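To find a chain, count down the sequence lines: A is the first, B the second, and so on, and within it residues start at 1. On a predicted model such as this, the values are computed, not experimentally measured, just so you know.
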Protein chains: 2
Amino acid sequence: MSARGAQGSDDAAAGEGRGPHGVRRLASGFAHAEESPGLLLWQVTNRWQAAQRAALKPYELTHVQFVLLASLSWLQAEGPVTQKRLADHASTDPMMTSQVLRTLESRGLVERMPHPHDGRARALAVTAEGRALADQAVAVVEACDAAFFAALGDGVGAFARAMRVLKGAAQGY
Amino acid sequence: MSARGAQGSDDAAAGEGRGPHGVRRLASGFAHAEESPGLLLWQVTNRWQAAQRAALKPYELTHVQFVLLASLSWLQAEGPVTQKRLADHASTDPMMTSQVLRTLESRGLVERMPHPHDGRARALAVTAEGRALADQAVAVVEACDAAFFAALGDGVGAFARAMRVLKGAAQGY
DNA sequence: TGCATTTACTATGCGCGCTTACTATCTCCC
DNA sequence: GGGAGATAGTAAGCGCGCATAGTAAATGCA
């Protein structure tokens, strides 16, 4: 990429070691947006999504489509799965879940049948084709994930733990 | 990658500490999507964005609009800022940067003048109103950020370090 | 039993994040 | 000087992520 050097110099000089937990400054006129944990989180996730997108491209699946397909494969062993249950498990928005599932249905990867006991709900099922695709995709996604987090080395365990803490803390929103 | 025996009967039990870097399994029939680092990263970021959205709502700013506005405030002390320079600094997509800046321009928060030395480029500037809004927003965003990462306690330093490692590693995409 | 509340799902709309394709300008190099 | 390639920016379009609002069916409670 282009001006890595120039940017790196002023960024690093200004942003480094300000305080124990990233105390940043709000000067009289402008903010030092810089590298807050949240900003880093956002930027890294964007990169991660780009990596996932690239890995899933051969299968014509988006990241969310893959997550829902794989989650459904996992869940459906325990009986009929509703859209809400799937959305809860995957932490996806119910509205988006509905929309993505209809896309997957139109591609013949899942089925959305009426629920046996609840007239409002749908009973979801992965088709044979969907299952086969998910099996392939899982492999490349896990390889992609491993490559992405390889830079952390042994630190990936601590990282995942921190993520679970944050996820749990943010639950109460 | 590593072929492993059948795993897991249930979510929580099965997902815990499998190996140094999250070796998960692809069983005969279904994937154990579970809690991979990447999935956690994605879910946590969605929560963080929701928190930011809520914090910025009173100012009628989205997260990206805020980032670009604040970044521009920070950058423009060093001379004329082009859209590309801003996009590089904020790690945002150039296309989206263009679009968001025009939104900010229509609200009178930034100006997009012709660049003095480059006929292709734009010289960006924050208006007085934009600067005032950014100053207010920075405060609430930082408070929001602090609250979000408070659950990590002292671990936030290690977390930010890990994020920088991942960001650097993902640079080579 | 009858009615209010809750719940599962869907329609619409906005903004992000990115892809592809295009114009206009700048820069390099002959 | 002049052409080739790189670079700054924009147009159109797709899918996620969510807010708002609405329908229909299930549940709770008198």
Side-chain angles (χ1 to χ4, degrees), chain A residues 1-3 42-57 60-69 80-107 112-124 170 173, chain B residues 42-54 56-57 60-69 80-107 112-124 170 173:
Chain A
M1 311 312 172
S2 51
W42 172 57
Q43 293 169 347
V44 168
T45 300
N46 279 342
R47 297 286 185 177
W48 179 80
Q49 290 216 55
Q52 294 273 26
R53 198 177 305 122
L56 286 168
K57 189 168 189 178
E60 306 245 336
L61 282 175
T62 66
H63 165 55
V64 172
Q65 287 169 4
F66 164 75
V67 168
L68 291 181
L69 189 60
V81 179
T82 66
Q83 293 187 176
K84 168 145 183 39
R85 173 145 164 64
L86 180 59
D88 282 348
H89 183 81
S91 296
T92 51
D93 178 71
M95 187 58 229
M96 187 195 54
T97 304
S98 167
Q99 185 180 326
V100 170
L101 282 171
R102 273 173 287 164
T103 300
L104 293 176
E105 184 186 35
S106 74
R107 287 181 53 187
R112 291 162 68 246
M113 298 161 313
H115 193 281
H117 310 316
D118 192 331
R120 302 164 301 176
R122 302 267 191 175
L124 304 172
Y173 262 98
Chain B
W42 172 58
Q43 293 168 348
V44 168
T45 300
N46 279 342
R47 298 286 185 176
W48 179 79
Q49 291 216 54
Q52 294 272 39
R53 197 177 305 122
L56 285 168
K57 189 168 190 179
E60 305 246 339
L61 282 175
T62 67
H63 164 56
V64 173
Q65 287 169 4
F66 165 75
V67 168
L68 292 181
L69 189 61
V81 179
T82 65
Q83 292 187 177
K84 168 145 185 35
R85 173 144 166 64
L86 180 58
D88 282 348
H89 183 81
S91 297
T92 51
D93 178 71
M95 187 62 230
M96 186 196 55
T97 304
S98 166
Q99 185 180 325
V100 170
L101 282 170
R102 272 173 286 164
T103 301
L104 293 176
E105 185 185 34
S106 75
R107 287 180 53 184
R112 291 162 69 247
M113 299 162 311
H115 193 280
H117 310 317
D118 190 333
R120 302 165 300 178
R122 303 265 191 176
L124 304 173
Y173 262 97

inquiry  = Let me confirm one number: the CG-NZ distance from A:L86 to A:K84, rounded to the nearest 0.5 Å.
reply    = 11.0 Å
With respect to the phosphate group of [N], does any side-chain polar atom (N or O) of [X] fall under 4.0 Å of OP1 or OP2?
X      : N      : answer
A:T62  : D:dC16 : yes
A:R102 : C:dA11 : yes
B:R122 : C:dT25 : no
A:S98  : C:dT10 : yes
A:W42  : C:dC16 : no
B:Q99  : D:dG9  : no

Measure from the side-chain heavy atoms of [X] and tell me the nearest of [options].
X      : options                : result
A:M96  : C:dA8, D:dG17, D:dA8   : D:dG17
B:R53  : D:dA19, C:dT10, D:dA11 : D:dA19
B:R120 : C:dA24, D:dG9, C:dA8   : C:dA24

query = Between A:K57 and B:V64, which is nearer to the 5' end of DNA chain C once each is assigned its nearest nucleotide?
reply = B:V64
Terminal axes of the helix from C:dT1-D:dA30 to C:dC30-D:dG1 (five pairs each): angle between them, nearest 10 degrees = 20°
